[in-house]
Amino acid sequence: TLSWNCMISGFGQMGNLELARDFFERMPRKNLVSWNSMIAGYEKNGDLEQAIKLFCHMQLKGEKPDRHTLSSLLSVCTELVDMHLGRQIHQRVIKIFIPDVPLNNSLVTMYARCGAIIEARVIFDDMKLQKDVVSWNAMIGGYASHGFAAEALELFGAMKRLKVRPTYITFISVLNACAHAGLVEQGRMHFKSMVTEFGIEPRVEHFSSLVDLVGRHGQVEEAMDLINSMPFEPD
RNA sequence: CUCUCAGCCC
């Protein structure tokens, strides 16, 4: 069963769902990991309906979803922006589990993506000291993508005060927030601090945010200089 | 053996 499961998750990650499903169907004895691997494979490759179908199917077979199952399902809800299903999964998380950080992070992401930014924040705050950098990124990204630049930047400040080290993903959201709000000066500052203070290599996403920001605010020459200074081809 | 955060277009 162990090696069958490896096959399923391996082919699932490669995107070969037909083959993964083939192994899944043929294996003599499935366990919870088999179901989880197959569901995760569908979710990762965007076959969200199949993921939900299999989730229902496993329960009919008497399998009890665990944190891996529910994590995949929350990702499905996030991608579908389906808060109705998301709430149902949330209820099952509450019923089944002792607090789990990745699962709470998924809940934050799901609610944020569905526009329920307050709900996301409640989960986030309830995590207290358990919050990790992913939790911060999820919440900051949620604010940023809904145009709440002030909240995103305030949270970013709080994060740094608590000595949580930002990642390149944090800065993608921070720069997007600045771009959204037209905060040219702050955007430049954060970009610089990303490199000098945190030693993070700027990626194409960072450059495009900053180019967008300064370019839209009349600093066309600076935008061109930025493009020319990029270590990769412009988009 | 499963694994959470940005990354379609606008």
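Small disclaimer: the values here were computed from a predicted structure and weren't measured. Sequence lines set the chain letters: A, B, ... in the order given, protein chains first and strands last, and positions in each chain run from 1.
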Who are the side-chain hydrogen bond (donor to acceptor under 3.5 Å, both in side chains) partners of A/Thr167, not counting sequence neighbours? A/Asn137, A/Thr170

List, one per line, each side-chain donor-acceptor pair under 3.5 Å for residues 90-98 of chain A, sequence neighbours excluded.
residue, atom, partner, partner atom, Å
A/His90, ND1, A/Tyr111, OH, 2.7
A/Arg92, NH1, A/Gln59, OE1, 2.4
A/Arg92, NH2, A/Gln59, OE1, 3.4

When you measure from every atom of RNA chain B, which of residues 222-235 of chain A have a heavy atom less than 4.0 Å away? none

Evaluate the side-chain proximity of A/Val195 to A/Pro202: yes if any heavy-atom separation is below 4.5 Å, no if none is. yes

Would you say A/Phe207 ends up clustered with A/Tyr168 if hydrophobic residues are merged whenever their side chains have heavy atoms under 4.5 Å apart, either directly or through other cluster members? yes

Please list every donor-acceptor pair under 3.5 Å in which a side-chain atom of residues 113-131 of chain A meets a protein atom from a residue at least two apart or in another chain.
residue, atom, partner, partner atom, Å
A/Glu119, OE2, A/Arg87, NH1, 2.8
A/Glu119, OE2, A/Arg87, NH2, 2.9
A/Arg121, NE, A/Asp125, OD1, 3.1
A/Arg121, NE, A/Asp125, OD2, 3.3
A/Arg121, NH1, A/Tyr143, OH, 2.9
A/Lys131, NZ, A/Lys128, O, 3.1

Same cluster or not: A/Met159 versus A/Leu183, using hydrophobic residues (I, L, V, M, F, W, Y) connected whenever any side-chain heavy atoms lie under 4.5 Å apart? yes

With sugar-phosphate taken as primed atoms, P, OP1 and OP2 and all else as base, the protein-contact string of nucleotides 3-10 of chain B at under 4.0 Å (heavy atoms; B, S, -) is SBBBS---

Show every salt bridge (Lys or Arg N to Asp or Glu O under 4.0 Å) that has at least one partner inside residues 20-41 of chain A, sequence neighbours left out. A/Arg21-A/Glu25, A/Asp22-A/Arg26

